[in-house]
Amino acid sequence: MTDSNYQSSWGNTIADQQDNAVFDVAGVKVYYAGFLALLDVYMKIPEKQITAFIGPSGCGKSTLLRCFNRMNDLITGAKVEGRLNYRNRNIYDPKINSVKLRRQVGMVFQRPNPFPKTIYENIAFAPRTNGYKGNLDELVEVSLRRAAIWNEVKDKLKEKGTALSGGQQQRLCIARAIAMKPEVLLMDEPCSALDPISTRQVEELCLELKEQYTIIMVTHNMQQASRVADWTAFFNTEIDEHGKRRGKLVEYSPTEVIFNSPHSNEAKEYISGRFG
């Protein structure tokens, strides 16, 4: 089973790029209904590593995450400025098809959201709809195996995905994203609704998946970031001239650095538990 079974979304040049930075973010600002919600962001997301976004509520973590596959396009009044390159192509170029982009940059949401379909159809539906030409049975099995849930569901593929436990549903959703053969997985607090055992399973899965995928994860759990992330970005809020709170990127460093010897006082105070 090869990626050639899919109709190419980006052309052959994307796969040939050798730059270690999958995303290059330069001066990105996000507005909601004219309000500047996130200040200039500059960062590069390395290939096949896990990057975690941490910080207090309202600091722009999820706002920035949604920029990487243009999910903010779906929010009325949202506007993104600056440059956000994916493999040296600005994804906000009007020529870029955002639907095709999301095949390459998949997303797993905070709460598991399996389709009200069978486990099999949760995996097979989107690839079939998008013109997959390979063996669907094989694709379903490989995707579920990569999401570390195959052994738990292989004998009940005709049962509803919504009947699974919360942790299983989240891994099913990860398998569903994998089935589209993305290069990047965006995860918006994927463990916030899970119990500790399921959280550990998802974290272990992420560590395995980074061998094949670039992962960007928003988390409120600093311990989770320290356990799984290679790089960590700390966001905070500030009050603008109108008294409104907006988000900003304060520090972006290797995880070991930001947790042991952060460069900014804001990061030191947040990680030490003085606020947030």
Side-chain angles (χ1 to χ4, degrees), residues 19-32 35-69 71-72 78-86 91-92 110 184-192 199 203 206-207 210 214-276:
D19 186 357
N20 185 53
V22 175
F23 286 102
D24 185 356
V25 184
V28 165
K29 301 178 182 177
V30 183
Y31 296 83
Y32 292 124
F35 167 65
L36 178 58
L38 181 64
L39 287 172
D40 301 286
V41 175
Y42 291 84
M43 68 188 330
K44 292 187 177 183
I45 303 294
E47 184 176 26
K48 293 182 179 178
Q49 295 189 42
I50 299 175
T51 300
F53 294 171
I54 65 171
S57 297
C59 64
K61 304 184 299 295
S62 294
T63 290
L64 180 62
L65 188 76
R66 289 192 296 266
C67 290
F68 289 103
N69 67 349
M71 289 293 288
N72 284 322
K79 177 184 176 184
V80 178
E81 293 183 349
R83 192 189 77 240
L84 204 165
N85 280 6
Y86 170 46
I91 66 173
Y92 284 90
Q110 182 174 2
V184 180
L185 288 174
L186 307 178
M187 296 186 171
D188 193 358
E189 297 190 60
C191 302
S192 65
T199 294
E203 288 179 1
C206 289
L207 291 172
K210 77 172 185 177
T214 299
I215 297 175
I216 310 175
M217 174 190 294
V218 168
T219 179
H220 271 107
N221 187 328
M222 286 189 292
Q223 288 72 32
Q224 181 173 79
S226 68
R227 287 191 296 263
V228 304
D230 300 288
W231 287 78
T232 297
F234 168 64
F235 294 79
N236 201 2
T237 60
E238 67 177 27
I239 305 298
D240 68 11
E241 62 274 17
H242 304 292
K244 293 185 177 181
R245 193 173 296 275
R246 61 189 180 193
K248 61 178 181 178
L249 173 61
V250 176
E251 183 170 343
Y252 180 41
S253 305
T255 296
E256 183 177 355
V257 172
I258 205 166
F259 277 94
N260 294 318
S261 54
H263 302 301
S264 66
N265 287 330
E266 288 177 83
K268 288 179 183 178
E269 292 182 354
Y270 182 78
I271 290 168
S272 66
R274 294 178 188 173
F275 76 95

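- Contact check for His263 versus Val257: side-chain heavy atoms found under the 4.5 Å cut-off.
- The CG atom of Asn221 sits 8.0 Å away from atom OG of Ser226, with the distance rounded to the nearest 0.5 Å.
- The minimum heavy-atom distance linking Ala225 with Thr219 is given by the pair CB-CG2, 4.1 Å.
- In terms of modelled atom types and a separation under 3.5 Å, the side chain of Tyr92 and the main chain of Cys67 share a donor-acceptor contact.
- Considering all non-hydrogen atoms of both residues, Val28 and Val80 come closest at CG1-CG1, 4.1 Å.
- When atom types are taken as modelled, the side chain of Lys79 and the backbone of Lys29 share no donor-acceptor pair closer than 3.5 angstrom.
- Separation of atoms OH (Tyr270) and CD1 (Ile54) is listed at 6.0 Å; rounding is to 0.5 Å.
- In this structure, the side chain of Lys61 does not engage the main chain of Phe235 through any donor-acceptor pair within 3.5 Å.
- Note: Ile216 CD1 to Phe53 CZ = 5.5 Å, rounded to the nearest 0.5 Å.
- In this structure, Phe23 and Met43 have side chains that are not in contact, with every pair of non-hydrogen atoms separated by 4.5 Å or more.
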* To do: Could you give me the CA-CA distance, side-chain angles and deciding distance for Asp24 and Arg83, then say whether salt bridge (charged side-chain N to carboxylate O under 4.0 Å, His left out) is met?
  => CA-CA 8 Å; Asp24 185 356; Arg83 192 189 77 240; 3.3 Å; yes
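- In terms of modelled atom types and a separation under 3.5 Å, the side chain of Tyr252 and the main chain of Trp231 share no donor-acceptor contact.
- Heavy atoms only, all atoms of each residue included: Gln49 and Asp230 are closest at OE1-CB, 3.2 Å.
- Considering CZ of Arg66 and CG of Asp188, their distance stands at 7.0 Å, rounded to 0.5 Å.
- Distance OG1/Thr51 to CD1/Ile45: 4.0 Å, rounded to 0.5 Å.
- When all heavy atoms of Ser57 and His220 are compared, the pair lying nearest together is OG-NE2, 3.4 Å.
- In this structure, Met187 and Ile215 approach most closely via the heavy-atom pair SD-CG2, 4.2 Å.
- The two residues Ala37 and Tyr32 make their nearest non-hydrogen contact at CB-CD1, 3.5 Å.
- Contact annotation: the side chain of Pro46 never approaches that of Thr214 to less than 4.5 Å [non-hydrogen atoms, C-beta and beyond].
- A side-chain donor-acceptor contact under 3.5 Å links Glu251 and Ser253.
- Residue Glu238 forms a salt bridge (Lys or Arg N to Asp or Glu O under 4.0 Å) with just one option from Lys248, Arg245, Lys244, and that option is Lys248.
- Note that CD1 of Ile50 is 9.5 Å distant from CD of Glu203, once rounded to the nearest 0.5 Å.
- When side chains are defined from C-beta on, Gln110 does not count as touching Ser62, because their heavy atoms never get closer than 4.5 Å.
- Side-chain contact check for Met217 versus Pro190: some heavy-atom pair is nearer than 4.5 Å.
- Between Leu186 and Met71, every side-chain heavy-atom pair lies at or beyond the 4.5 Å cut-off.
- Between Leu64 and Val30 there is no side-chain heavy-atom pair separated by less than 4.5 Å.
- The closest side-chain heavy-atom distance from Asp240 to Leu36 is not below 4.5 Å.
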